[in-house]
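Remarks on the structure that follows.
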Amino acid sequence: MRSRSPSPRAVGQPNQVQEPYSRTRKNPFFDGLLRAEDGMPSPPFDLQASLGSRNISRTMSDIGNTHTRNAHDSLTDIGNNPFLQPFERSKIGKTASFAFSDVQSHFSFDPNEPIEANEKPPTVNGLTSPTSAKSFRVNRRKENLSTVSLPQSAASFYNGDSPEFEIVASCPSINKLNSFLKATKDEVNAGVPGRFLHVVMAQDVPDVGSIASTITYAFYLNEACRSDQICTVPVISMKRLDIRSQAELKWLLDSCQIDQSSLIFVDEIDLSYYDLFGSLKVVLLNGNKLPAKQEALKQAVVEIFNCKEGESVYPWVKTITIAEDSSCCTLVAEKFALISPEILAGQGFSRLLLAAILLDSANLCSPQCSLKDKYMATLLIHGSGRFGCDGLYQLLRYKMYDVSDLKVADILRKDFKKWTRVGKPDSAGSRMMASQIGMSSIGVPIAQLLDHEDTSVREIKYFQHMEKIRLLMIVSGYYDSKKNFKREILVSAESVELMKNLLFFFNASTSQLPLKAIHQPGLGEEMQAFEIDKVTSRKTIERLLEEFGGTSKG
């Protein structure tokens, strides 16, 4: 007879009577849960009775999973909660979001008035944490984001693509930056007595990257090189009035809570005054040469930040930071990460840097985008907010081409340049004719520009008069409904004779600029619209205008 091997449980154990299994915890910690006050076991816990006697509000994540549960069971607990009733699932395209049917009626505050709340610093073992306290504001959202092509996100799933309210938290880093900007402007208004004026300015290109790097690098120099002998000031290389035409820049500064009244623009400070007395020092960003209007200040340049190797035209400058095919704000963020990484933790401050990096690198997809750009974008991802990096980039791009809230003059000023060309002598031969020519680039059809306001034609003429230009060329580039690129131009001349001369010049350049007239009523003889029959770059049109300016006699 074959012997049976003992079961593994019996190996090495003495023979004993096995006690019946009892599903109870022997840990003394649970004794209080199993014993009543009189020492007798407490009755078993009735879960259904407990749930029936009170309402339990579920979290939003529980509500999101209702499609996997029984409808009756999932709604019994929230049926009596007035705040959760308005949240209903609705399908919009491929993304689902909650429709706010009557959320405002459940708020106990006026939505037109911001609500503030303060968060005290956390305490650990009775000791206050060194982190700064935060304040929160509930604001009514100004813009409608439902028309923006935003990527799917958890925030849009629960709150919709364009919620009516937003909670804005204070940012200690931005508070510190605003204090720095206000102090420097007060110092400049006082004349910077007894100190050197250390100006940080970029090339004459008013884009997000240029303004963001100017502000943040000046703040970095102030934090890293504190001195009683130097007043470091960021100077924005654009006129304050021009910021109205930069919708993406204005939105970004507002979103980051930057005090725009404390910023100093190039038309608000006379740098030549400080250079005359030898108290000016200039830090140049994103280039190797000062803008033409500030070229007289070249002897004051002491540092060049983010320029290409071998392009410096100021041999006396010793402090040069060579560009590494990265965004200028990537290099600034790297410097902050080395000396004050806590500053990058603020959402407003990180958003300012991140927005510039995303636009400079085409959402990290440009061939010039470096690994350092991607690394810094990941480090600053807190600044992207509720829609992520893709959403922030799409929102900025939408703002760049959205002109619905702009006046005609602001649309023309958004991308405008002008130049002077000396033509042939006049009939008396006593003086040379100076031809002022301006070119404005827009991203909407000419017909849409003319229909933007009832007085669009008059506004275009007024803009031309204010800029003191004899010839204004408005160059339009856009995609039609069939995704075909279209190029149109609108010409506004000072006189009928000048318009005739321009048309004669264009007819002689038909191979480079084939034109087809567009009938637009109400333009008059001094203003005409054309469609260009072939794909033509703005550089080509600009070159032809320069040639016309050099030969014009009108």
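Residues: numbered from 1 along the sequence shown.
At most 12 non-hydrogen atoms from other residues, nucleotides or ligands lie less than 6.0 angstrom from CG of D454. Counting heavy atoms of neighbouring residues, nucleotides and ligands inside a 6.0 Å radius, atom NZ of K298 does not exceed 12 of them. For R543, the CZ atom sits in a packed shell: over 12 heavy atoms of surrounding residues, nucleotides or ligands are nearer than 6.0 Å. Other residues, nucleotides and ligands contribute more than 12 heavy atoms inside 6.0 Å of the NZ atom of K185.
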Practice item. Before giving the answer on side chain to side chain donor-acceptor pair (under 3.5 Å), spell out for S245 and D242 the whole-Å C-alpha distance, their side-chain angles and the decisive distance to 0.1 Å. Key: CA-CA 6 Å; S245 62; D242 293 346; 5.4 Å; no
Point to revise | Chi angles and distances behind the side chain to side chain donor-acceptor pair (under 3.5 Å) call for Q260, D254 | key: CA-CA 8 Å; Q260 299 178 34; D254 290 338; 2.7 Å; yes
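Checked against the 6.0 Å centroid threshold, F530 and F506 do not count as a close aromatic pair.
Counting heavy atoms from C-beta on, the side chains of M527 and Q464 never come closer than 4.5 Å.
Between D410 and K414 no salt bridge is recorded (no basic side-chain N to carboxylate O distance below 4.0 Å). Between K399 and E248 there is no salt bridge, since no side-chain N of the basic residue sits under 4.0 Å from a carboxylate O of the acidic one. With salt bridges taken as basic N to acidic carboxylate O contacts below 4.0 Å, one links R538 and D415. Between E459 and K407, none of the side-chain N atoms (NZ, or NE/NH1/NH2) sits under 4.0 Å from a carboxylate O, so this pair counts as no salt bridge.
Just one of S213, S327, S210 meets the side-chain hydrogen bond (donor to acceptor under 3.5 Å, both in side chains) condition when paired with D360; it is S327.
To the nearest 0.5 Å, the span separating CG on L450 from CD on Q520 amounts to 5.0 Å.
Nearest heavy atom pair, residue N178 against residue Q257, reads ND2-O, 3.0 Å. When every heavy atom of V235 is checked against every heavy atom of V266, the shortest pair comes out as CG1-CA, 3.9 Å. I446 approaches S476 most closely through the heavy-atom pair CD1-CB, 3.9 Å.
A donor and an acceptor atom, one from each side chain of S366 and Q368, are located under 3.5 Å apart.
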